[in-house]
Asks: 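Dropping the structure in here first, questions after.
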Protein chains: 2
Amino acid sequence: MISHKCKYAIRALIDIAAQHDPNKTVMSSEIATRQQIPKKFLETILRDLRNGRILHSRRGSTGGYTLLKPASEITTTEIIRIIDGPIALLPCVSLNYYASCEGCDESTCQIKGVFEQVRDKTLGILNHTSLADLRDQYLKNTPQVGDKKSESARSSQK
Amino acid sequence: MISHKCKYAIRALIDIAAQHDPNKTVMSSEIATRQQIPKKFLETILRDLRNGRILHSRRGSTGGYTLLKPASEITTTEIIRIIDGPIALLPCVSLNYYASCEGCDESTCQIKGVFEQVRDKTLGILNHTSLADLRDQYLKNTPQVGDKKSESARSSQK
DNA sequence: TACTATTCCTACTAAGTTGATAGGAGTTTT
DNA sequence: AAAACTCCTATCAACTTAGTAGGAATAGTA
């Protein structure tokens, strides 16, 4: 299971990526109300994402957050790793957070193989799902104000 | 990450499945010393596995544990579900432990799709990896006493 | 019937993680 | 100087994890 914090992080990033003007800085308070995330908690999440080189931030009265790189270049893998850490199900098969499984001899480990397979399949999916993909999914489902395409889509629904 | 407890469970089951005589009941103390698992903790794990319909147990002085069904019919999925619960990374995409993700509208959820894919790929692997597969891997690596094949293999190594 | 060896059960505990909140310091615009 | 942000440290309650303690129930054996 990914943590609640990680879900918040993904939703916050989608919110930022969904901005019409990619250069507009988005305030944490905006995201908090729009995405229903506790404000103070969100601040710590955004800080983690900034430390993780996904977000750029500006302080002061016109401050806020922007993506450090295009949404299409931010992978789900990256986000999860920053917030939750390892993606693998065993420490000894983790690529980015390797640790030896105490009490088991790795050279004769019986279960390593399966979990390497799981890791590879999982990364195959998460690496190829960018923030842009998630955002597009989001925009399709929840039309934005002033978005002509989604407005027509909405009216044609009835 | 799967829990330490779950790794213990898998190793304990492999140990039981590796017995020459499939009808022999294996005592928890045997497993504990062979697999280096804290004895009392192991007892609670074996009880979980029995409640989960994987093991059969006998009390008394000749008591112990046996597999309730052939090792080839016990999947890794089953074991993990009993010990750790859900395999999916989101509550709302779990097949056996479904729960709604509080605070997100499932009909418009942006991230559900990816995690459904991850779940399916993961289950694809774990469902097709049986305890027999894991045991065979184990026996290949750690030759048993009195096993002629592995003794010759051992001596030819030098 | 004792005795012994095992599983089984309830309860407890220490340490770590998760999901936050509090209070204020630093920074930038007006 | 004031206002409005981000940023930082510390703290907290609830929960989970990894295990331990002590003994009851059960079954074979002398």
Side-chain angles (χ1 to χ4, degrees), chain A residues 1-12 16 24-33 35-52 54-66 68 80 82-86 89-91 97 99 101-104, chain B residues 1-12 16 24-33 35-52 54-66 68 80 82-86 89-91 97 99 101-104:
Chain A
M1 288 270 167
I2 65 171
S3 68
H4 215 147
K5 185 177 178 181
C6 193
K7 273 185 279 181
Y8 285 156
I10 296 174
R11 271 162 55 198
I16 296 171
K24 188 203 164 193
T25 62
V26 189
M27 292 185 301
S28 66
S29 57
E30 289 181 65
I31 304 171
T33 52
Q35 302 295 330
Q36 303 264 66
I37 304 171
K39 189 165 160 282
K40 273 293 194 180
F41 193 27
L42 178 60
E43 283 183 23
T44 71
I45 294 168
L46 294 172
R47 182 156 63 87
D48 289 345
L49 294 172
R50 192 212 47 179
N51 290 338
I54 284 190
L55 287 179
H56 173 255
S57 68
R58 262 179 64 87
R59 281 182 165 187
S61 56
T62 57
Y65 300 87
T66 51
L68 199 56
I80 297 176
I82 290 169
I83 303 296
D84 278 356
L89 295 179
L90 285 181
Y97 293 84
C101 293
E102 338 116 48
C104 98
Chain B
M1 287 270 168
I2 65 171
S3 68
H4 214 148
K5 185 177 179 182
C6 193
K7 271 184 281 183
Y8 284 156
I10 296 174
R11 271 162 53 198
I16 296 171
K24 188 203 166 195
T25 62
V26 189
M27 291 186 301
S28 65
S29 57
E30 289 181 64
I31 304 171
T33 51
Q35 302 296 330
Q36 303 265 67
I37 303 173
K39 190 164 160 283
K40 273 291 193 179
F41 193 27
L42 177 61
E43 282 183 23
T44 70
I45 294 168
L46 294 172
R47 184 157 61 86
D48 289 345
L49 293 172
R50 192 212 48 179
N51 290 338
I54 284 189
L55 287 179
H56 174 256
S57 69
R58 262 179 64 88
R59 281 182 166 186
S61 54
T62 58
Y65 300 86
T66 50
L68 199 57
I80 297 177
I82 290 170
I83 304 295
D84 278 355
L89 295 179
L90 285 182
Y97 294 86
C101 293
E102 338 117 47
C104 98

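Quick note on labels: first sequence line is chain A, next is B, and so on, each numbered from 1. Keep in mind that this is a model prediction, so the values were computed, not measured.
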Asks: Which pair of heavy atoms, one from A:Ile82 and one from A:Gly52, lies closest together, and at what distance?
Replies: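 Nearest heavy atoms, A:Ile82 then A:Gly52: CD1-O, 3.4 Å.
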Asks: Grab the CG-C1' distance between A:Leu55 and D:dT6 for me, whole Å please.
Replies: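 For the pair A:Leu55 CG and D:dT6 C1', the rounded distance is 12 Å.
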Asks: Specify the separation, in whole Å, of atom NE2 of B:His56 and atom P of D:dT26.
Replies: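 B:His56 atom NE2 is separated from D:dT26 atom P by 14 Å.
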Asks: Without decimals, in angstroms, what is the distance between A:Ile83 CD1 and C:dG19 P?
Replies: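 Rounding to the nearest Å, CD1 of A:Ile83 and P of C:dG19 are 11 Å apart.
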Asks: Can you build the contact string for nucleotides 14-22 of chain D? Use B for base contact, S for sugar-phosphate-only contact, and - for no protein heavy atom under 4.0 Å.
Replies: ----SBBBB
Asks: Report the residues that fulfil side chain to side chain contact (heavy atoms under 4.5 Å, CB included) with B:Lys40, sequence neighbours left out, ordered by chain and then residue number.
Replies: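 Checked B:Lys40 against side chain to side chain contact (heavy atoms under 4.5 Å, CB included); matches are B:Glu43.
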Asks: Determine the minimum heavy-atom distance between A:Leu55 and A:Arg50, stating which atoms define it.
Replies: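 Shortest heavy-atom contact: O-CG, 3.4 Å.
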Asks: Just jot down the side chain to side chain contact (heavy atoms under 4.5 Å, CB included) partners of B:Phe41, sequence neighbours excluded, or say none.
Replies: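 Partners of B:Phe41 under the side chain to side chain contact (heavy atoms under 4.5 Å, CB included) test: B:Lys5, B:Tyr8, B:Pro38, B:Thr44, B:Ile45.
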Asks: Figure out the CD/P separation between A:Glu30 and D:dA4, and round it to whole Å.
Replies: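 That distance rounds to 15 Å.
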Asks: What is the distance, to the nearest angstrom, from the CD atom on A:Gln36 to the P atom on C:dG19?
Replies: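 Rounded to the whole Å, the gap is 18 Å.
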Asks: For A:Ile37 and C:dG19, give me the distance from atom CD1 to atom P, rounded to whole Å.
Replies: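 The answer, rounded to whole Å, is 13 Å.
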Asks: State, to 0.1 Å, how close B:Leu90 and A:Lys7 come at their nearest heavy-atom pair, and which atoms those are.
Replies: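 What the structure gives for the nearest pair is CD2-CD, 3.5 Å.
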Asks: Tell me every residue that passes side chain to side chain donor-acceptor pair (under 3.5 Å) with B:Thr25, counting only those two or more places apart in sequence or in another chain.
Replies: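 If we apply the side chain to side chain donor-acceptor pair (under 3.5 Å) test to B:Thr25, skipping adjacent residues, there are no hits.
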Asks: Distances for protein N/O vs nucleotides 1-6 of chain C N/O pairs under 3.5 angstrom?
Replies:
unit_1, atom_1, unit_2, atom_2, d
C:dT6, O4', B:Gly60, O, 3.4
C:dT6, O2, B:Gly60, N, 3.4

Asks: Given atom CZ of A:Arg47 and atom C1' of C:dT21, what is their separation to the nearest angstrom?
Replies: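 So the two atoms are 14 Å apart, to the nearest Å.
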Asks: Find the distance A:Asp48:CG to D:dT9:P and express it as a whole number of Å.
Replies: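 It is 12 Å, rounded to the nearest whole Å.
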Asks: For a quick test of reading the model, state the closest non-hydrogen atom pair linking B:Gly63 to B:Met27 and the distance between them.
Replies: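 Closest approach of B:Gly63 to B:Met27, heavy atoms only: O-CG, 3.5 Å.
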Asks: Output all residues satisfying side chain to side chain contact (heavy atoms under 4.5 Å, CB included) with B:Thr62, sequence neighbours left out; order by chain, then residue number.
Replies: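 B:Thr62 satisfies side chain to side chain contact (heavy atoms under 4.5 Å, CB included) with B:Arg58 only.
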Asks: Less than 4.0 angstrom between a side-chain N/O of A:Arg50 and OP1 or OP2 of D:dC8, yes or no?
Replies: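 Answer yes for this pair, as a side-chain N or O of A:Arg50 is under 4.0 Å from OP1 or OP2.
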Asks: For A:Arg11 and A:Gln36, which heavy atoms make the closest approach, and how far apart are they?
Replies: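 Scanning both residues, the minimum pair turns out to be NH2-O, 4.0 Å.
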